[in-house]
Amino acid sequence: MQNQTICKIVESEIDLDKLLEELTQNTTGAVVMFTGLVRGITERKNPHETIQLEYEAYQPMAEKMMQRVADEIRLKWSNIETIAIIQRIGRLNPGKPTVIIACSAAHRDTGVFDAARYGIDRLKEIVPVWKMEIGPEGDAWIEGDYIPKSND
């Protein structure tokens with residue numbers, strides 16, 4: 001199996017076991033998987049309860065930008081085998097995975113941890129995904145920090 005890249009927006013639940021199988025090759029000795037979850041209670045900044053999050057994305061643009069993140073990872077860490085960047089959309093309850101960034105490599109000391117961390121940080125910067133927080137006090141769109149540049 002060649003090194004592959006999986007970049008997709010999904011509406012269905014993410015099967016972490018199946019994804020792990022897709023990331024694993026005969027040479028794989030390490031898989032680092034960051035899984036973002038819906039929090040029921042947010043304690044930073046303005047503490048509050050969340051009943052659900054609703055994610056939306058313009059799928060063609062989001063997947064294009066996910067591929068860009070994966071390409072950047074490959075430029076920085078050439079020994080990464082497989083990369084998966086998966087964003088779930090729709091209404092999600094607390095405890096449910098919302099985003100997965102996963103990288104595989106032959107060994108844990110090949111930058112695989114840094115590559116996965118870079119992937120989630122970069123996804124938050126450039127991938128157009130919108131999030132509405134639904135709570136007991138009402139609904140609110142959550143603003144990100146990213147401001148597009150002309151080359152994005």
Side-chain angles (χ1 to χ4, degrees), residues 1-45 50 52-133 141-152:
M1 173 172 36
Q2 289 290 333
N3 294 346
Q4 66 173 332
T5 302
I6 303 163
C7 295
K8 59 186 173 180
I9 301 289
V10 299
E11 292 185 42
S12 57
E13 199 162 315
I14 302 167
D15 184 335
L16 299 178
D17 290 330
K18 182 179 179 209
L19 180 60
L20 184 59
E21 285 180 28
E22 292 179 46
L23 291 165
T24 304
Q25 302 179 30
N26 285 336
T27 56
T28 301
V31 174
V32 173
M33 188 179 302
F34 171 82
T35 308
L37 305 173
V38 176
R39 283 185 302 272
I41 301 291
T42 297
E43 295 183 351
R44 65 178 180 187
K45 292 184 184 177
T50 300
Q52 286 184 319
L53 290 180
E54 183 170 350
Y55 286 88
E56 292 183 8
Y58 176 59
Q59 189 167 346
M61 178 58 77
E63 288 178 349
K64 177 182 174 187
M65 297 307 278
M66 291 167 145
Q67 183 63 54
R68 179 173 164 184
V69 171
D71 292 344
E72 290 174 9
I73 290 170
R74 289 207 188 280
L75 283 174
K76 292 176 177 289
W77 295 276
S78 60
N79 44 3
I80 295 300
E81 293 177 346
T82 302
I83 299 169
I85 303 174
I86 303 170
Q87 173 69 55
R88 190 158 174 214
I89 58 172
R91 284 192 174 215
L92 305 173
N93 294 321
K96 293 297 180 183
T98 63
V99 65
I100 307 288
I101 306 290
C103 297
S104 70
H107 196 273
R108 71 180 181 276
D109 292 338
T110 57
V112 70
F113 286 95
D114 293 331
R117 175 63 188 253
Y118 178 88
I120 188 60
D121 290 346
R122 194 71 172 123
L123 176 130
K124 294 288 188 176
E125 286 178 353
I126 69 168
V127 177
V129 174
W130 302 279
K131 175 172 71 173
M132 181 174 31
E133 204 168 62
W141 287 102
I142 306 301
E143 295 287 327
D145 298 327
Y146 176 65
I147 299 172
K149 299 175 185 81
S150 62
N151 62 347
D152 289 346

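All values below were derived from every heavy atom in this structure, side-chain atoms included, with hydrogens, water molecules and symmetry-related copies excluded. Quick note: residue numbers are just sequence positions, from 1.
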Quick one: pull up CD1 in Ile86 and CG in Leu123 and give me the separation to the nearest 0.5 Å. 11.5 Å
Given side chains that start at C-beta, do those of Thr5 and Arg74 come closer than 4.5 Å, heavy atoms only? yes
Within this structure, what is the SG-CG distance for the pair Cys7 and Asp71, rounded to the nearest 0.5 Å? 8.0 Å
4.5 Å side-chain heavy-atom contact, Gln52 and Val38: no
Measure the spacing between CD1 of Ile100 and OG1 of Thr98 and express it to the nearest 0.5 Å. 7.5 Å
Is the closest basic N to carboxylate O distance between Lys18 and Glu21 below 4.0 Å? no
Does the side chain of Lys8 reach to within under 4.5 Å of the side chain of Met66, using non-hydrogen atoms? no
Going through the distances and angles, do Val127 and Gln87 end up as a side-chain contact (heavy atoms from CB on, under 4.5 Å)? CA-CA 10 Å; Val127 177; Gln87 173 69 55; over 6 Å; no
What distance separates Gln4 CD from Leu23 CG, expressed to the nearest 0.5 Å? 7.5 Å
Considering only heavy atoms from C-beta outward, does the side chain of Val69 approach that of Ile83 to under 4.5 Å? no
Quick one: does Arg88's side chain have a donor or acceptor within less than 3.5 Å of a partner on Ile9's backbone? no
What one should report as the nearest heavy-atom pair of Ile85 and Ala70 is CD1-N, 3.9 Å
Taking the side chain as C-beta and beyond, is there a heavy-atom pair between Phe34 and Val99 under 4.5 Å? yes
List the atom of Pro97, the atom of Thr35, and the distance in Å for their closest heavy-atom pair. CB-CG2, 3.7 Å
If only atom types and distance count, is the side chain of Arg39 paired as donor or acceptor with the main-chain N or O of Thr50 below 3.5 Å? no
Assess the residue pair Thr82 and Gln25 against the criterion (side chain to side chain donor-acceptor pair (under 3.5 Å)); give the C-alpha distance rounded to whole Å, side-chain angles, the decisive distance to 0.1 Å, and a yes or no. CA-CA 9 Å; Thr82 302; Gln25 302 179 30; 3.1 Å; yes
Roughly how far, to the nearest 0.5 Å, is CD1 of Ile126 from CE of Met65? 3.5 Å
Taking the side chain as every heavy atom from C-beta outward, state whether Glu125 and Arg122 have any atom pair closer than 4.5 Å. yes
When Val31, Val112, Thr27 are each screened for side chain to side chain contact (heavy atoms under 4.5 Å, CB included) with Glu81, the one that passes is Thr27
Stepwise, does the side-chain contact (heavy atoms from CB on, under 4.5 Å) test hold for Arg108 with Phe113? CA-CA 7 Å; Arg108 71 180 181 276; Phe113 286 95; 4.0 Å; yes
Heavy atoms of Gly95 and Leu37 approach each other most closely as O-CD2, 3.9 Å
Trp141 versus Glu56: any side-chain heavy-atom pair under 4.5 Å? yes
Indicate the atoms forming the closest heavy-atom contact of Ile101 with Ala116, along with that distance. CG2-O, 3.6 Å
Could you tell me whether the side chain of Glu72 and the main chain of Tyr118 form a donor-acceptor pair under 3.5 Å? no
Any chance you could measure Glu22, atom CD, to Leu19, atom CG, to the nearest 0.5 Å? 6.0 Å
Which pair of non-hydrogen atoms, one from Ala57 and one from Val129, has the smallest distance, and what is that distance? CB-CG2, 4.1 Å
